[in-house]
Amino acid sequence: FLCWMGEAGFSDIYEALEYIAKCKQISAEQLTIPSQRRYASYFKNMLDGVRPSQPPLMLKRIIMSEAPRFARGLPRENDERKLAKDDERLLGCVPYIQIFKAGELLHTAAPSLHFQQAGKELPFCQVGDGNISFHINLVVQGDILVRARHLTATKKRVSMFRAAFHTGYAPPNVMRLTKAQLDGACDDS
């Protein structure tokens with residue numbers, strides 16, 4: 001708002017965020033979450049005259065570089081790796097991805113794995129498994145929210161992280177978000 005109104009000489013949104021954080025005696029990271037900072041950069045683009053592109057995009061898949069560490073699993077049958085019971089590679093989660101637009105759930109996806117899983121149960125993905133891929137194949141347009149959840153052994157749903165973005169400002173082909181750019185995960189060890 002300070003940048004849009006030109007108040008107090010602010011023309012850079014990041015300077016305005018730093019100013020507000022300083023007034024509140026906190027850091028800009030404490031003032032906002034990663035998705036809010038992403039949307040602030042979209043707003044900066046708008047102020048600079050860069051409008052979002054409007055064509056819909058095909059969201060083919062979401063890939064996590066490794067399983068978030070939410071629980072401890074057991075070594076799998078026929079696992080050739082020598083894993084001790086306290087091995088970090090046994091940590092992981094039972095993940096699934098949800099895609100929302102305007103608060104409406106559009107799609108839910110379980111991971112596509114390179115090992116056998118039982119029936120319709122969601123699989124336990126371990127750090128040692130490497131990349132976890134979720135096949136989405138969904139046409140999206142506008143403001144999108146991606147939420148990753150973990151299903152506990154007692155069937156409780158726990159949010160692991162989420163990320164909001166606008167397809168009109170998404171980079172071509174691949175959008176990469178680091179842990180620091182994910183709401184709920186950015187400050188979680």
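Note that the numbering runs from 1 along the sequence shown for the chain. Every value quoted in this text rests on a predicted model; they were computed, and no experiment measured them.
- The CG atom of Leu91 lies 10.0 Å from the CD atom of Glu66; values are rounded to the nearest 0.5 Å.
- With a 4.5 Å cut-off on side-chain heavy atoms, Val94 and Cys125 do not count as touching.
- Ala67 and Val127 make their closest contact through O-CG2, 3.5 Å (heavy atoms, listed as atom of the first residue, atom of the second, distance).
- Between the Ser65 side chain and the Asn131 main chain, no donor and acceptor come within less than 3.5 Å of each other.
- Under 3.5 Å, the side chains of Arg38 and Ser41 contain no donor-acceptor pair of N or O atoms.
- Proximity of Arg157 to Leu151: side-chain heavy atoms (C-beta onward) are separated by under 4.5 Å at one or more points.
- A distance of 9.5 Å separates CE in Met64 from OG in Ser133, rounded to the nearest 0.5 Å.
- There is a path of hydrophobic side-chain contacts, each under 4.5 Å, that joins Ile97 to Val140.
- The hydrophobic cluster containing Phe165 also contains Leu182, counting ILVMFWY residues as joined when their side-chain heavy atoms lie under 4.5 angstrom apart, directly or transitively.
- The minimum heavy-atom distance linking Leu122 with Pro95 is given by the pair CD2-O, 4.1 Å.
- Looking only at distances, no side-chain donor or acceptor of Asn45 sits under 3.5 Å from a matching main-chain atom of Val50.
- Defined by atom type and a distance below 3.5 Å, a donor-acceptor pair is present between the side-chain atoms of Thr32 and Arg37.
- Between the CG atom in Leu59 and the CG atom in Leu106 there is a gap of 10.0 Å [rounded to 0.5 Å].
- The closest side-chain heavy-atom distance from Met160 to Arg149 is not below 4.5 Å.
- Around atom NZ of Lys44, no more than 12 heavy atoms belonging to other residues, nucleotides or ligands sit under 6.0 Å away.
- Within a 6.0 Å radius of CZ in Arg147, other residues, nucleotides and ligands contribute more than 12 heavy atoms.
- Note on Leu177: it clusters hydrophobically with Ile62, by side-chain heavy-atom contacts below 4.5 Å among ILVMFWY residues.
- His135 and Ser112 get closest at one heavy-atom pair: CD2-OG, 2.6 Å.
- Between the CZ atom of Phe10 and the CE atom of Met5 there is a distance of 14.5 Å, given to the nearest 0.5 Å.
- In the hydrophobic clustering of this structure, Ile33 does not group with Leu145; members are Ile, Leu, Val, Met, Phe, Trp, Tyr whose side-chain heavy atoms approach within less than 4.5 Å, directly or through other members.
- Around the NZ atom of Lys179, the shell of radius 6.0 Å holds more than 12 heavy atoms that belong to other residues, nucleotides or ligands.
- Of all non-hydrogen atoms in Phe124 and Ala71, the two that sit nearest each other are CZ-O, 3.6 Å.
- Residues Met46 and Pro52 meet the side-chain proximity criterion, which asks for heavy atoms closer than 4.5 Å.
- Here the CG atom belonging to Asp12 is positioned 12.0 Å from the CG atom belonging to Leu2, to the nearest 0.5 angstrom.
- If you take CD1 on Ile132 and CD on Gln126, they are separated by 10.0 Å, rounding to the nearest 0.5 Å.
- In plain terms, the two heavy atoms of Asn137 and Met58 that are nearest each other are C-SD, 3.6 Å.
- Residues Pro111 and Pro123 are in side-chain contact: their nearest non-hydrogen atoms beyond the backbone lie under 4.5 Å apart.
- Scanning both residues, Ala164 and Asp183, for their nearest heavy atoms gives N-OD2, 4.5 Å.
- Other residues, nucleotides and ligands contribute more than 12 heavy atoms inside 6.0 Å of the OH atom of Tyr14.
- By the 30° and 60° cut-offs, the orientation of the rings of Tyr42 relative to Tyr169 is parallel.
- In this structure, the side chains of Phe161 and Asp188 stay at 4.5 Å or more apart for every pair of heavy atoms.
- Ile144 and Phe100 are assigned to two separate hydrophobic clusters, defined by single-linkage of ILVMFWY side chains at heavy-atom distances under 4.5 Å.
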